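Step one of this worksheet: look at the structure below.
The chains referred to below are lettered A, B, ... by the order of the sequence lines, with proteins before strands, and numbering in each begins at 1. Note that the structure is predicted; figures quoted are calculated from it, not measured. Note: hydrogens, waters and symmetry copies are ignored here, and every other heavy atom, side chains too, is used.
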Amino acid sequence: MADPEFFRGAQLLKQGAEARLYRARFLGKPTIVKERFPKCYRHPVLDEKLTHRRTVQEVRSILRCRRAGISAPVVYFVDYKSHCIFLEEIVGSSTVRDYISSTQSKSCKERELEHLAEHIGQILAKMHDEDVIHGDLTTSNMLLRCVLNVGESELILIDFGLSYISALPEDKGVDLYVLEKAFLSTHPNTEELFEKLLKSYAASSKRSSAVIKKLDEVRLRGRKRSMVG
Amino acid sequence: MHVTHELELFPDNNVTQMLFKEVKNAAELRQSAVEGKLNAALINPTMLVNHFQVLVAANKAVHLQKSGKMKTKSLYSEIIFNLSPTNNISEAFKRFGISDGDDAVMLVLVHSKDESQLVSDLAARVDGQQVPVEDLSSLSDAAKIKKLYKITPQEEKCGTVLDAVVCRMATKDVM
(Lines give C-alpha, C1' and ligand atoms only; values in the text may rest on other atoms or scores of the structure.)
Protein backbone atom coordinates (compact mmCIF):
# COMPACT_ATOMS: atom_id res chain seq x y z
CA MET A 1 0.00 0.00 0.00
CA ALA A 2 1.15 3.49 -0.71
CA ASP A 3 2.49 5.33 2.26
CA PRO A 4 -0.10 7.64 3.85
CA GLU A 5 2.81 9.94 4.69
CA PHE A 6 3.18 10.54 0.96
CA PHE A 7 -0.19 12.25 0.73
CA ARG A 8 0.50 14.27 3.84
CA GLY A 9 3.54 15.73 2.07
CA ALA A 10 1.59 16.32 -1.13
CA GLN A 11 -0.25 19.51 -1.93
CA LEU A 12 -3.96 19.17 -2.62
CA LEU A 13 -4.67 21.07 -5.83
CA LYS A 14 -8.26 20.28 -6.61
CA GLN A 15 -11.10 18.17 -5.44
CA GLY A 16 -13.88 17.15 -7.77
CA ALA A 17 -16.77 14.71 -7.52
CA GLU A 18 -14.69 11.92 -9.01
CA ALA A 19 -11.14 12.41 -7.82
CA ARG A 20 -8.63 14.52 -5.93
CA LEU A 21 -5.57 16.02 -7.57
CA TYR A 22 -2.33 16.37 -5.65
CA ARG A 23 0.97 17.90 -6.58
CA ALA A 24 3.99 16.00 -5.30
CA ARG A 25 7.48 14.82 -6.15
CA PHE A 26 7.62 11.27 -7.39
CA LEU A 27 10.88 9.51 -8.31
CA GLY A 28 12.40 12.97 -8.19
CA LYS A 29 10.05 14.53 -10.77
CA PRO A 30 7.23 17.05 -10.34
CA THR A 31 4.12 14.91 -10.51
CA ILE A 32 0.34 15.19 -10.40
CA VAL A 33 -1.40 12.40 -8.53
CA LYS A 34 -5.02 11.74 -9.44
CA GLU A 35 -6.69 9.77 -6.70
CA ARG A 36 -10.13 8.32 -7.34
CA PHE A 37 -11.42 8.05 -3.80
CA PRO A 38 -14.19 5.59 -2.78
CA LYS A 39 -17.73 6.89 -3.21
CA CYS A 40 -19.76 5.87 -0.18
CA TYR A 41 -23.07 6.61 -1.92
CA ARG A 42 -22.52 3.71 -4.32
CA HIS A 43 -22.70 0.02 -3.63
CA PRO A 44 -19.10 -1.00 -2.77
CA VAL A 45 -18.88 -3.62 -5.53
CA LEU A 46 -20.22 -1.25 -8.17
CA ASP A 47 -18.00 1.54 -6.88
CA GLU A 48 -14.87 -0.60 -7.17
CA LYS A 49 -15.81 -1.71 -10.66
CA LEU A 50 -16.59 1.78 -11.99
CA THR A 51 -13.52 3.33 -10.41
CA HIS A 52 -11.27 0.60 -11.73
CA ARG A 53 -12.68 0.87 -15.24
CA ARG A 54 -12.28 4.64 -15.33
CA THR A 55 -8.70 4.41 -14.14
CA VAL A 56 -7.91 1.87 -16.85
CA GLN A 57 -9.70 3.85 -19.56
CA GLU A 58 -7.87 7.00 -18.60
CA VAL A 59 -4.38 5.53 -18.97
CA ARG A 60 -5.34 3.65 -22.15
CA SER A 61 -6.59 6.81 -23.85
CA ILE A 62 -3.51 8.76 -22.80
CA LEU A 63 -1.22 6.17 -24.34
CA ARG A 64 -3.33 5.97 -27.49
CA CYS A 65 -3.15 9.74 -27.92
CA ARG A 66 0.58 9.89 -27.31
CA ARG A 67 1.19 7.12 -29.82
CA ALA A 68 -0.63 9.21 -32.41
CA GLY A 69 1.51 12.24 -31.58
CA ILE A 70 -1.12 14.09 -29.53
CA SER A 71 0.43 15.57 -26.40
CA ALA A 72 -0.93 14.27 -23.11
CA PRO A 73 0.80 13.90 -19.75
CA VAL A 74 3.25 11.00 -19.36
CA VAL A 75 1.98 8.22 -17.07
CA TYR A 76 4.67 7.38 -14.51
CA PHE A 77 2.86 4.83 -12.38
CA VAL A 78 -0.62 3.44 -11.77
CA ASP A 79 -1.79 1.99 -8.47
CA TYR A 80 -4.88 -0.07 -9.23
CA LYS A 81 -5.46 -0.77 -5.55
CA SER A 82 -5.83 2.80 -4.33
CA HIS A 83 -6.82 3.96 -7.85
CA CYS A 84 -4.09 6.54 -8.15
CA ILE A 85 -2.54 7.65 -11.41
CA PHE A 86 0.85 9.35 -11.22
CA LEU A 87 1.18 11.78 -14.11
CA GLU A 88 3.80 14.17 -15.41
CA GLU A 89 3.17 17.70 -14.20
CA ILE A 90 3.01 20.05 -17.18
CA VAL A 91 5.27 22.71 -15.73
CA GLY A 92 4.91 26.28 -16.91
CA SER A 93 1.56 25.83 -18.62
CA SER A 94 -1.72 27.67 -18.54
CA THR A 95 -5.19 26.49 -19.48
CA VAL A 96 -6.70 27.44 -22.82
CA ARG A 97 -9.55 28.88 -20.75
CA ASP A 98 -7.29 31.37 -19.02
CA TYR A 99 -5.52 32.16 -22.25
CA ILE A 100 -8.74 32.96 -24.11
CA SER A 101 -10.15 34.98 -21.22
CA SER A 102 -7.05 37.13 -20.94
CA THR A 103 -6.59 37.53 -24.69
CA GLN A 104 -10.20 38.17 -25.68
CA SER A 105 -10.20 41.74 -24.45
CA LYS A 106 -7.23 42.72 -26.59
CA SER A 107 -8.44 43.41 -30.10
CA CYS A 108 -4.96 43.16 -31.58
CA LYS A 109 -4.72 39.53 -30.55
CA GLU A 110 -7.68 38.36 -32.63
CA ARG A 111 -5.47 36.61 -35.15
CA GLU A 112 -3.75 34.65 -32.37
CA LEU A 113 -7.05 33.38 -31.01
CA GLU A 114 -8.12 32.26 -34.46
CA HIS A 115 -4.84 30.47 -34.87
CA LEU A 116 -5.36 28.69 -31.55
CA ALA A 117 -8.91 27.67 -32.47
CA GLU A 118 -7.65 26.17 -35.71
CA HIS A 119 -4.93 24.32 -33.85
CA ILE A 120 -7.47 22.86 -31.39
CA GLY A 121 -9.61 21.75 -34.32
CA GLN A 122 -6.68 19.90 -35.85
CA ILE A 123 -5.72 18.14 -32.62
CA LEU A 124 -9.31 17.04 -31.95
CA ALA A 125 -9.61 15.75 -35.51
CA LYS A 126 -6.48 13.70 -35.00
CA MET A 127 -7.81 12.38 -31.69
CA HIS A 128 -11.14 11.36 -33.22
CA ASP A 129 -9.35 9.72 -36.13
CA GLU A 130 -7.71 7.51 -33.49
CA ASP A 131 -11.22 6.75 -32.18
CA VAL A 132 -10.49 8.33 -28.81
CA ILE A 133 -13.55 10.09 -27.36
CA HIS A 134 -12.40 12.49 -24.67
CA GLY A 135 -15.76 12.70 -22.91
CA ASP A 136 -15.12 15.98 -21.13
CA LEU A 137 -13.81 18.49 -23.64
CA THR A 138 -13.61 21.95 -22.12
CA THR A 139 -11.12 24.76 -22.47
CA SER A 140 -9.96 23.94 -18.91
CA ASN A 141 -8.92 20.47 -20.02
CA MET A 142 -6.52 21.84 -22.61
CA LEU A 143 -3.17 23.24 -21.58
CA LEU A 144 -0.79 25.51 -23.43
CA ARG A 145 2.93 25.23 -22.89
CA CYS A 146 5.46 27.52 -24.43
CA VAL A 147 8.02 25.62 -26.43
CA LEU A 148 11.45 27.16 -26.23
CA ASN A 149 13.02 28.31 -29.49
CA VAL A 150 9.77 27.59 -31.36
CA GLY A 151 7.38 30.50 -31.61
CA GLU A 152 4.28 28.35 -31.30
CA SER A 153 3.05 26.89 -28.05
CA GLU A 154 2.18 23.26 -27.59
CA LEU A 155 -1.38 22.11 -26.88
CA ILE A 156 -1.74 19.33 -24.31
CA LEU A 157 -4.96 17.46 -23.63
CA ILE A 158 -5.62 16.46 -20.02
CA ASP A 159 -8.24 14.69 -17.90
CA PHE A 160 -9.14 11.59 -19.86
CA GLY A 161 -11.21 10.38 -16.90
CA LEU A 162 -14.41 10.05 -18.94
CA SER A 163 -12.76 8.96 -22.15
CA TYR A 164 -13.38 5.81 -24.13
CA ILE A 165 -12.66 4.25 -27.49
CA SER A 166 -15.37 4.45 -30.16
CA ALA A 167 -15.52 4.81 -33.92
CA LEU A 168 -19.16 5.98 -33.98
CA PRO A 169 -19.80 9.43 -35.52
CA GLU A 170 -22.53 9.79 -32.89
CA ASP A 171 -19.99 9.64 -30.03
CA LYS A 172 -17.63 12.04 -31.78
CA GLY A 173 -20.51 14.40 -32.50
CA VAL A 174 -21.53 14.42 -28.84
CA ASP A 175 -17.88 15.01 -27.87
CA LEU A 176 -17.87 18.16 -30.03
CA TYR A 177 -21.29 19.18 -28.77
CA VAL A 178 -20.06 19.04 -25.17
CA LEU A 179 -17.13 21.24 -26.17
CA GLU A 180 -19.40 23.69 -27.99
CA LYS A 181 -21.65 24.08 -24.94
CA ALA A 182 -18.67 24.50 -22.61
CA PHE A 183 -16.80 26.81 -24.97
CA LEU A 184 -19.66 29.20 -25.65
CA SER A 185 -20.76 29.39 -22.03
CA THR A 186 -17.26 30.01 -20.64
CA HIS A 187 -16.28 32.44 -23.36
CA PRO A 188 -19.15 34.77 -24.33
CA ASN A 189 -19.34 36.07 -27.91
CA THR A 190 -17.04 33.46 -29.38
CA GLU A 191 -19.47 31.91 -31.85
CA GLU A 192 -17.28 32.94 -34.76
CA LEU A 193 -14.17 31.61 -33.08
CA PHE A 194 -15.80 28.24 -32.42
CA GLU A 195 -16.94 28.14 -36.03
CA LYS A 196 -13.27 28.47 -37.02
CA LEU A 197 -12.44 25.53 -34.73
CA LEU A 198 -15.09 23.35 -36.36
CA LYS A 199 -14.00 24.34 -39.85
CA SER A 200 -10.44 23.35 -39.10
CA TYR A 201 -11.70 20.08 -37.55
CA ALA A 202 -13.69 19.33 -40.68
CA ALA A 203 -10.73 20.07 -42.91
CA SER A 204 -8.29 17.92 -40.92
CA SER A 205 -10.31 14.80 -40.15
CA LYS A 206 -10.73 12.04 -42.67
CA ARG A 207 -14.19 11.15 -41.47
CA SER A 208 -15.46 14.56 -40.43
CA SER A 209 -18.53 14.89 -42.64
CA ALA A 210 -20.48 12.18 -40.77
CA VAL A 211 -19.40 13.68 -37.44
CA ILE A 212 -20.48 17.22 -38.35
CA LYS A 213 -23.78 15.87 -39.59
CA LYS A 214 -24.28 14.12 -36.26
CA LEU A 215 -23.31 17.29 -34.43
CA ASP A 216 -26.15 19.13 -36.19
CA GLU A 217 -28.53 16.38 -35.12
CA VAL A 218 -27.29 16.44 -31.52
CA ARG A 219 -27.73 20.23 -31.37
CA LEU A 220 -31.43 19.77 -32.03
CA ARG A 221 -32.04 17.01 -29.51
CA GLY A 222 -29.36 17.43 -26.84
CA ARG A 223 -26.59 15.14 -25.66
CA LYS A 224 -28.70 12.12 -24.71
CA ARG A 225 -29.99 10.01 -27.52
CA SER A 226 -32.69 8.06 -25.71
CA MET A 227 -35.20 9.96 -23.65
CA VAL A 228 -35.85 7.05 -21.33
CA GLY A 229 -35.44 7.44 -17.57
CA MET B 1 29.72 6.70 -9.21
CA HIS B 2 26.52 4.93 -8.23
CA VAL B 3 23.21 6.76 -7.84
CA THR B 4 20.78 6.15 -4.99
CA HIS B 5 17.18 7.31 -4.99
CA GLU B 6 14.58 7.15 -2.29
CA LEU B 7 11.19 5.76 -3.29
CA GLU B 8 8.78 8.42 -2.04
CA LEU B 9 5.91 5.93 -1.80
CA PHE B 10 8.00 3.48 0.21
CA PRO B 11 10.32 5.70 2.24
CA ASP B 12 12.27 2.85 3.86
CA ASN B 13 13.34 1.63 0.42
CA ASN B 14 16.24 3.02 -1.56
CA VAL B 15 17.18 2.07 -5.09
CA THR B 16 20.85 2.07 -6.02
CA GLN B 17 22.11 1.77 -9.58
CA MET B 18 25.68 0.92 -10.58
CA LEU B 19 27.02 0.75 -14.09
CA PHE B 20 29.99 -1.40 -15.16
CA LYS B 21 31.96 -1.66 -18.38
CA GLU B 22 34.52 -4.24 -19.50
CA VAL B 23 32.90 -6.87 -17.32
CA LYS B 24 34.66 -10.25 -17.50
CA ASN B 25 32.51 -12.39 -15.21
CA ALA B 26 29.02 -11.82 -16.65
CA ALA B 27 28.30 -15.57 -16.83
CA GLU B 28 29.25 -16.07 -13.18
CA LEU B 29 27.18 -13.07 -12.05
CA ARG B 30 24.18 -14.22 -14.04
CA GLN B 31 24.46 -17.73 -12.55
CA SER B 32 24.55 -16.34 -8.99
CA ALA B 33 21.54 -14.15 -9.71
CA VAL B 34 19.56 -17.10 -11.10
CA GLU B 35 20.42 -19.14 -7.98
CA GLY B 36 19.35 -16.26 -5.78
CA LYS B 37 22.84 -15.77 -4.37
CA LEU B 38 23.17 -12.25 -5.72
CA ASN B 39 20.69 -9.76 -4.41
CA ALA B 40 20.49 -7.44 -7.37
CA ALA B 41 18.93 -7.14 -10.79
CA LEU B 42 21.40 -7.47 -13.65
CA ILE B 43 20.26 -5.41 -16.59
CA ASN B 44 21.53 -5.12 -20.13
CA PRO B 45 22.39 -1.39 -20.45
CA THR B 46 21.86 -1.29 -24.21
CA MET B 47 18.10 -1.34 -23.53
CA LEU B 48 18.17 1.55 -21.05
CA VAL B 49 17.56 5.15 -22.07
CA ASN B 50 18.11 6.69 -18.68
CA HIS B 51 18.29 5.76 -14.98
CA PHE B 52 14.72 7.07 -14.53
CA GLN B 53 13.50 4.09 -16.55
CA VAL B 54 15.02 1.72 -13.98
CA LEU B 55 13.56 3.75 -11.15
CA VAL B 56 10.04 3.42 -12.59
CA ALA B 57 10.53 -0.36 -12.90
CA ALA B 58 11.87 -0.65 -9.35
CA ASN B 59 9.07 1.43 -7.84
CA LYS B 60 6.47 -0.73 -9.55
CA ALA B 61 8.23 -3.92 -8.43
CA VAL B 62 8.29 -2.83 -4.78
CA HIS B 63 4.64 -1.80 -5.01
CA LEU B 64 3.60 -5.16 -6.46
CA GLN B 65 5.69 -7.06 -3.93
CA LYS B 66 4.03 -5.25 -1.04
CA SER B 67 0.57 -5.91 -2.44
CA GLY B 68 1.41 -9.53 -3.25
CA LYS B 69 0.80 -9.17 -6.97
CA MET B 70 4.17 -9.85 -8.51
CA LYS B 71 4.15 -11.76 -11.80
CA THR B 72 7.61 -13.26 -11.27
CA LYS B 73 9.34 -15.01 -8.38
CA SER B 74 11.47 -12.29 -6.86
CA LEU B 75 11.71 -8.53 -6.53
CA TYR B 76 14.74 -8.46 -8.82
CA SER B 77 13.23 -10.55 -11.58
CA GLU B 78 10.16 -8.32 -11.31
CA ILE B 79 12.29 -5.22 -11.98
CA ILE B 80 13.58 -6.80 -15.21
CA PHE B 81 10.05 -7.88 -16.18
CA ASN B 82 8.68 -4.37 -15.56
CA LEU B 83 11.14 -2.88 -18.03
CA SER B 84 9.64 -4.88 -20.86
CA PRO B 85 6.74 -3.50 -22.93
CA THR B 86 5.14 -6.95 -23.17
CA ASN B 87 3.78 -9.40 -20.61
CA ASN B 88 6.01 -12.24 -21.79
CA ILE B 89 8.39 -13.14 -18.96
CA SER B 90 11.03 -15.13 -20.86
CA GLU B 91 11.12 -12.49 -23.58
CA ALA B 92 11.70 -9.83 -20.90
CA PHE B 93 14.69 -11.71 -19.48
CA LYS B 94 16.12 -12.24 -22.94
CA ARG B 95 15.91 -8.56 -23.87
CA PHE B 96 16.54 -6.81 -20.58
CA GLY B 97 18.55 -9.34 -18.59
CA ILE B 98 22.22 -9.92 -19.28
CA SER B 99 23.68 -12.74 -21.37
CA ASP B 100 26.83 -14.71 -20.52
CA GLY B 101 28.99 -12.92 -23.06
CA ASP B 102 27.97 -9.34 -22.15
CA ASP B 103 30.68 -6.90 -21.16
CA ALA B 104 28.48 -4.15 -19.73
CA VAL B 105 25.98 -4.47 -16.93
CA MET B 106 23.71 -2.27 -14.84
CA LEU B 107 23.37 -3.51 -11.27
CA VAL B 108 20.21 -2.47 -9.45
CA LEU B 109 19.50 -3.12 -5.82
CA VAL B 110 16.73 -2.21 -3.43
CA HIS B 111 17.81 -1.73 0.15
CA SER B 112 16.99 0.11 3.34
CA LYS B 113 18.75 3.35 4.26
CA ASP B 114 21.27 1.78 6.66
CA GLU B 115 22.40 -0.91 4.24
CA SER B 116 24.95 1.09 2.28
CA GLN B 117 27.54 -1.62 3.02
CA LEU B 118 25.58 -3.88 0.64
CA VAL B 119 26.38 -1.56 -2.23
CA SER B 120 30.15 -1.82 -1.90
CA ASP B 121 29.96 -5.57 -1.24
CA LEU B 122 28.06 -6.07 -4.47
CA ALA B 123 30.32 -3.79 -6.47
CA ALA B 124 33.28 -5.90 -5.34
CA ARG B 125 31.80 -9.00 -6.96
CA VAL B 126 31.87 -7.50 -10.43
CA ASP B 127 35.10 -8.00 -12.33
CA GLY B 128 34.92 -4.86 -14.40
CA GLN B 129 35.29 -1.12 -14.44
CA GLN B 130 32.63 0.94 -12.68
CA VAL B 131 31.60 4.04 -14.61
CA PRO B 132 29.18 6.86 -13.75
CA VAL B 133 25.52 5.95 -14.31
CA GLU B 134 25.25 8.97 -16.62
CA ASP B 135 27.40 7.06 -19.11
CA LEU B 136 24.30 5.00 -19.91
CA SER B 137 23.59 7.28 -22.84
CA SER B 138 26.77 6.10 -24.57
CA LEU B 139 25.91 2.43 -24.04
CA SER B 140 22.24 2.44 -24.99
CA ASP B 141 21.09 1.43 -28.45
CA ALA B 142 18.42 3.94 -29.44
CA ALA B 143 17.37 2.14 -32.63
CA LYS B 144 16.86 -1.16 -30.78
CA ILE B 145 14.92 0.55 -28.01
CA LYS B 146 12.58 2.30 -30.45
CA LYS B 147 11.98 -0.94 -32.29
CA LEU B 148 11.26 -3.02 -29.19
CA TYR B 149 8.94 -0.45 -27.61
CA LYS B 150 7.40 0.31 -31.02
CA ILE B 151 7.99 4.06 -30.81
CA THR B 152 6.93 5.85 -33.97
CA PRO B 153 8.41 9.13 -35.29
CA GLN B 154 5.07 10.87 -34.73
CA GLU B 155 5.16 9.96 -31.03
CA GLU B 156 8.61 11.51 -30.75
CA LYS B 157 7.05 14.79 -31.82
CA CYS B 158 5.09 15.03 -28.57
CA GLY B 159 7.76 13.82 -26.18
CA THR B 160 11.12 12.16 -25.66
CA VAL B 161 11.95 8.49 -26.16
CA LEU B 162 12.17 8.21 -22.36
CA ASP B 163 8.59 9.52 -22.03
CA ALA B 164 7.36 6.95 -24.55
CA VAL B 165 9.22 4.11 -22.84
CA VAL B 166 8.03 5.02 -19.33
CA CYS B 167 4.41 5.36 -20.50
CA ARG B 168 4.44 1.87 -21.96
CA MET B 169 6.06 0.35 -18.89
CA ALA B 170 3.55 1.97 -16.56
CA THR B 171 0.47 0.95 -18.54
CA LYS B 172 1.40 -2.44 -20.01
CA ASP B 173 -0.79 -4.49 -17.65
CA VAL B 174 -3.98 -2.99 -19.09
CA MET B 175 -3.03 -2.87 -22.76
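- Around atom NZ of Lys199(A), no more than 12 heavy atoms belonging to other residues, nucleotides or ligands sit under 6.0 Å away.
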**OP:** Might you work through the side-chain contact (heavy atoms from CB on, under 4.5 Å) test for Val174(B) and Arg60(A), ending with a clear yes or no?
**Re:** CA-CA 7 Å; Val174(B) 293; Arg60(A) 268 193 198 142; 4.2 Å; yes
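- Only the backbone of Ile70(A) has a heavy atom closer than 4.5 Å to any heavy atom of chain B.
- Using a 4.5 Å cut-off between heavy atoms, Leu63(A) contacts chain B through its side chain alone, with no backbone atom that close.
- Around the CZ atom of Arg53(A), the shell of radius 6.0 Å holds no more than 12 heavy atoms that belong to other residues, nucleotides or ligands.
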Original post:
Can you list the steps and then say if Asp163(B) with Arg66(A) is a side-chain contact (heavy atoms from CB on, under 4.5 Å)?
Top reply: CA-CA 10 Å; Asp163(B) 290 343; Arg66(A) 291 189 59 91; 3.3 Å; yes
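- Among residues 85-102 of chain B, no residue has any heavy atom closer than 4.5 Å to a heavy atom of chain A.
- Residue-environment remark: CZ (Arg97(A)) stays at or below the threshold of 12 foreign heavy atoms within 6.0 Å.
- With values rounded to the nearest 0.5 angstrom, His5(B) atom NE2 is found 8.5 Å from Leu27(A) atom CG.
- Taking OG1 from Thr171(B) and CD1 from Ile62(A), the interatomic distance works out to 9.5 Å, rounded to the nearest 0.5 Å.
- Tyr76(A) places none of its side-chain heavy atoms less than 4.5 Å from the side chain of Asn59(B).
- Here NZ of Lys81(A) is found 10.5 Å from CG of Leu64(B). Values are rounded to the nearest 0.5 Å.
- Using a 4.5 Å cut-off on side-chain heavy atoms (C-beta onward), Lys29(A) and Phe52(B) make contact.
- Of the atoms belonging to Glu88(A), not a single heavy atom falls under 4.5 Å from chain B.
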**OP:** List the steps and the verdict of side-chain contact (heavy atoms from CB on, under 4.5 Å) for Lys69(B) and Tyr80(A).
**Re:** CA-CA 11 Å; Lys69(B) 290 207 169 137; Tyr80(A) 296 102; over 6 Å; no
**OP:** Just do the side-chain contact (heavy atoms from CB on, under 4.5 Å) check on Arg64(A) and Met175(B) with the steps written out, would you?
**Re:** CA-CA 10 Å; Arg64(A) 207 169 165 125; Met175(B) 286 305 149; over 6 Å; no
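- Proximity to chain A at a heavy-atom threshold of 4.5 Å picks out Thr152(B), Gln154(B), Glu155(B), Cys158(B), Gly159(B) from residues 125-159 of chain B, in numerical order.
- Ranked by heavy-atom pairs shorter than 4.5 Å toward chain B, the options Gly69(A), Ala72(A), Gly28(A) are led by Gly69(A).
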